[in-house]
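Both backbone and side-chain heavy atoms feed into the values below; hydrogens, waters and symmetry mates do not. Since we're looking at a predicted model, the values are computed, not measured.
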Amino acid sequence: ELAPEVPLYRVVLADLHHEQGELEEACDLLRELPPENIGCPAQIRRMMTVFRDARDIPGLQRCGQVLRRMTSECDCEEQE
């Protein structure tokens, strides 16, 4: 691991594992990462995709709660 303490690095690396079908490896990188440490809604959505596809409901719920809080606090988020 080159920079495990950098949250964005972990999200990007987990996304690469996810793309390769390595769901457990992807989840392992994200489970200990508090979504509150991610300042970008798009990156939290990437985390949610990994957790959803790995059927990691607690991880998905944690990210969903943080994302809802972020988007309710900021009206600058584009609606999808």
Side-chain angles (χ1 to χ4, degrees):
E1 295 181 32
L2 300 175
E5 71 284 353
V6 178
L8 182 57
Y9 167 80
R10 294 178 75 90
V11 174
V12 171
L13 185 58
D15 193 46
L16 290 172
H17 279 291
H18 176 259
E19 288 178 12
Q20 296 298 312
E22 301 166 347
L23 297 178
E24 191 60 36
E25 291 85 351
C27 278
D28 286 346
L29 285 166
L30 299 178
R31 278 191 189 110
E32 301 301 316
L33 179 62
E36 296 85 1
N37 291 357
I38 307 297
C40 175
Q43 298 306 316
I44 293 177
R45 286 187 193 99
R46 288 172 92 175
M47 292 174 68
M48 291 176 73
T49 298
V50 169
F51 287 133
R52 183 197 65 223
D53 290 352
R55 294 184 173 90
D56 184 323
I57 302 306
L60 184 61
Q61 290 174 335
R62 270 192 351 248
C63 289
Q65 291 169 350
V66 171
L67 184 61
R68 281 190 297 280
R69 234 183 352 259
M70 287 176 82
T71 55
S72 70
E73 293 171 358
C74 176
D75 60 4
C76 60
E77 179 70 19
E78 289 186 40
Q79 298 297 321
E80 293 184 33

Undergrad: Residues two or more places apart in sequence or in another chain: which of them pass side chain to side chain contact (heavy atoms under 4.5 Å, CB included) with R46?
TA: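 Here the qualifying residues are V11, V12, D15, Q43.
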Undergrad: Which heavy atom in P7 sits nearest to a heavy atom in I38, and how many Å separate them?
TA: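 Result for this residue pair: CB-CD1, 3.4 Å.
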Undergrad: How far apart are the closest heavy atoms of G64 and M48, and which atoms are they?
TA: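 Looks like CA-CE, 3.8 Å.
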Undergrad: Which residues satisfy the side chain to side chain contact (heavy atoms under 4.5 Å, CB included) test with E24, sequence neighbours excluded?
TA: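 So E24 forms a side chain to side chain contact (heavy atoms under 4.5 Å, CB included) with D28, R31.
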Undergrad: Under 6.0 Å from the CD atom of E32, do we count more than 12 heavy atoms belonging to anything else shown?
TA: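 Result for CD/E32: open.
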Undergrad: Give the minimum heavy-atom separation between P41 and M70, together with the two atoms involved.
TA: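 Minimum heavy-atom separation between P41 and M70: CD-CE, 3.7 Å.
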Undergrad: Are L23 and I44 linked, directly or through other ILVMFWY residues, by side chains that come within less than 4.5 angstrom of each other?
TA: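 As far as the 4.5 Å side-chain criterion goes, I44 and L23 are not connected within one cluster.
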Undergrad: Find the distance between NE2 (H17) and CG (L29) and round it off to the nearest 0.5 Å.
TA: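 The NE2 atom of H17 sits 5.0 Å away from the CG atom of L29.
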Undergrad: Would you mind reporting whether T49 and R52 have side-chain heavy atoms less than 4.5 Å apart?
TA: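 Yes - at least one pair of side-chain heavy atoms lies under 4.5 Å apart.
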Undergrad: If you measure from CD on E36 to SG on C63, what distance do you get to the nearest 0.5 Å?
TA: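 Between atom CD of E36 and atom SG of C63 there are 8.5 Å.
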Undergrad: Specify the closest pair of heavy atoms between R62 and L33, including all atoms of both residues, with the distance to one decimal.
TA: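 Between these two residues, the closest heavy atoms are NH2-O, 3.7 Å.
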Undergrad: Between CE of M47 and NE2 of H18, what distance do you get to the nearest 0.5 Å?
TA: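 It is 13.0 Å, given to the nearest 0.5 Å.
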Undergrad: Kindly give the heavy-atom pair with the smallest separation between L60 and F51, and that separation in Å.
TA: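 That closest heavy-atom pairing would be N-CB, 3.6 Å.
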